[in-house]
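Right, one structure below, let's go through it.
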Amino acid sequence: MNSTSAAPLIVSVSGVRGVIGESLTPQVLTDFAAAYGSPMEQGRVVISRDGRSSGTMCRHAVIAGLLSVGCRVVDIGIAATPTCGYFIKETGAAGGIQITASHNPPEYNGLKLFRPEGYVLSPAQGEAVANRFQNRVQSLVPWDRIHSVEVVEDPHRPHIEKVLSLVDVDAIASRKFHVLLDANHGSGALFGPRLLEQLGCKVTTLGGSADGWFEHTPEPTRENLETFCEQVKKSGADIGFAVDPDADRLAIVDGRGNYIGEEYTLALAIQHVVSNNPGPIVLNMSTSLVSEDVARAAGCTVYRSKVGEAHVAEKMIKHEAILGGEGNGGVIDPRVGYGRDSAIAMALVLELLARDKRDLATIVESMPRYHMLKEKYPVDRDKLPKLLQRLKSKFANGEVNEEDGLRIAWEDHWVQVRASNTEPIIRVFAEAKDPEKSAQLCEQVRQEL
Ligand code: MG
């Protein structure tokens with residue numbers, strides 16, 4: 001691993017990520033793709049990319065790696081991560097690679113790896129690829145077993161059609177919603193306007209060319225969407241949708257220009273889905289109680305998984321969940337697939353608005369409100385087990401979950417302590433109805449350091 005540059009190459013169970021021209025070189029991309037494709041000689045591997053300007057360079061390097069180990073490459077061009085996942089599953093491919101650095105700034109790119117079921121590799125599968133990459137294990141094939149590349153012109157149609165089949169298109173269309181979509185020059189620019197138009201919306205798209213020249217820092221957080229909020233308010237739109245460059249995450253702005261928070265994307269989707277059809281829900285450990293409350297209010301059982309899409313997906317399969325996701329705007333609807341999908345998230349939220357005659361701001365005001373605080377404190381790794389023990393006894397009156405660090409939950413508040421994998425720090429998340437209570441929970445952890 002290259003650890004001398006300012007932003008080192010990050011090899012993880014979910015793939016690889018780095019800075020173009022520094023840590024993420026064509027050689028790294030080719031080797032990583034070859035490490036991924038080595039066990040699936042002859043297999044069809046779908047590739048797509050999120051629109052970043054470095055995507056074309058990465059695409060050629062990835063294709064070289066996959067072809068060199070005998071894979072058949074299906075290139076679907078620029079497409080969202082959920083579109084790629086859906087395409088893999090629907091066409092029975094052996095796997096797929098999304099060329100993306102998700103919400104990271106434009107100088108980054110990376111590879112996200114899929115399993116044949118159309119969602120991200122399990123940690124064990126991802127680790128096997130990372131090991132092959134680091135040990136340079138590649139099953140190169142001779143010239144007569146090198147395949148060609150199949151190019152697919154419109155991979156979006158099947159994904160869009162699937163999403164449309166799951167909502168009441170007529171009910172949504174009858175409301176003629178005006179939607180401001182911030183695609184921010186990512187892959188959402190390709191399916192977003194099409195999907196929304198087919199839902200009968202009047203769509204105004206910002207950053208509508210998928211060329212990676214982001215107009216703002218791409219993570220769809222409150223700070224990065226301040227201008228967008230003003231634009232939604234000025235435009236008179238009913239709702240603003242903002243997606244990250246690979247369009248798996250969705251943030252929502254109400255018609256008054258308020259950023260309602262990525263946590264509410266999932267909470268709204270859950271509230272809507274369970275109102276018709278209650279069933280098990282899976283949330284990651286760091287997701288807000290808002291989602292848990294709306295699910296429980298409808299009589300649903302809520303399960304918590306480790307943080308990470310693969311963990312949420314696996315727990316959803318285990319408990320036959322009807323919906324799941326992460327509080328970063330990541331809605332997972334198993335009817336489409338086990339990956340975070342902004343397309344189904346948009347459709348569900350619009351269907352909710354179509355059925356509930358109130359405007360979005362009023363709906364959100366009627367939902368529970370919590371305050372989450374995210375802190376990080378430096379800590380020596382070897383002192384960590386004792387720290388967690390002390391915290392367990394300190395918070396002995398709460399419900400303890402040790403699946404992902406330590407999470408202690410009470411009726412209406414919780415605190416989670418997790419060690420970072422990459423730095424000598426712990427991350428402490430706390431959530432309560434009262435902001436002072438969240439601060440107090442973090443402080444109680446800090447006192448034990
Ligand atoms: Mg993303």
Side-chain angles (χ1 to χ4, degrees), residues 10 12-19 24 46-55 58 76 78-88 96-114 118-121 126 155-156 159 163 181-192 195 207 210-212 214-225 228 241-252 261-263 265-266 269 284 286-287 307-313 324-333 336-346:
I10 297 171
S12 72
V13 294
S14 46
V16 65
R17 198 175 66 214
V19 172
L24 196 70
V46 176
I47 65 161
S48 64
R49 59 189 198 276
D50 71 4
R52 286 166 195 267
S53 52
S54 61
C58 297
I76 65 169
I78 297 174
T81 293
T83 305
C84 181
Y86 189 75
F87 195 89
I88 293 164
I97 297 180
Q98 172 77 336
I99 300 165
T100 181
S102 192
H103 58 273
N104 287 274
E107 64 271 25
Y108 282 83
N109 216 329
L111 306 180
K112 202 182 260 192
L113 311 176
F114 292 85
Y119 60 102
V120 291
L121 295 188
H156 308 283
H159 182 211
V163 169
L181 170 69
D182 180 14
N184 198 22
H185 298 269
S187 56
L190 297 180
F191 77 86
L195 172 72
D211 55 17
F214 309 139
E215 263 157 56
H216 58 77
T217 311
E219 189 164 23
T221 54
R222 184 185 299 274
E223 314 77 78
N224 297 335
L225 294 178
F228 180 58
F241 286 140
V243 289
D244 71 331
D246 66 322
D248 54 350
R249 288 167 60 178
L250 174 70
I252 302 174
E262 287 182 287
E263 286 287 352
T265 306
L266 180 59
N284 80 25
S286 309
T287 299
V307 171
E309 205 172 354
H311 297 295
V312 180
E326 305 193 287
N328 58 6
V331 174
I332 302 177
D333 186 329
V336 188
Y338 284 99
R340 295 178 302 212
D341 184 352
S342 67
I344 188 66
M346 287 185 217

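Each ligand, and each atom within it, is numbered from 1 in the order the structure gives. Fair warning: this is a prediction, and the values are worked out from it, not measured in the lab.
Residues P220 and R249 are in side-chain contact: their nearest non-hydrogen atoms beyond the backbone lie under 4.5 Å apart.
Side chain to side chain, D50 and S187 fail the donor-acceptor criterion of an N or O pair below 3.5 Å.
Every residue meeting the side-chain contact (heavy atoms from CB on, under 4.5 Å) condition with A345, not counting sequence neighbours, appears here in chain and number order: L250, T265, V331. For F228, there are no ring pair (Phe, Tyr, Trp, His ring centres under 6.0 Å) partners two or more places apart in sequence or in a different chain. Applying the salt bridge (Lys or Arg N to Asp or Glu O under 4.0 Å) test to D248 and every residue at least two apart in sequence or in another chain returns K112, R340.
Listed here is the closest heavy atom pair of I88 and G96: CD1-CA, 3.6 Å.
Listed by chain and residue number, the protein N/O/S atoms under 2.8 Å of the Mg ion (ligand 1) are S102 OG, D244 OD2, D246 OD1, D248 OD1, with waters left out.
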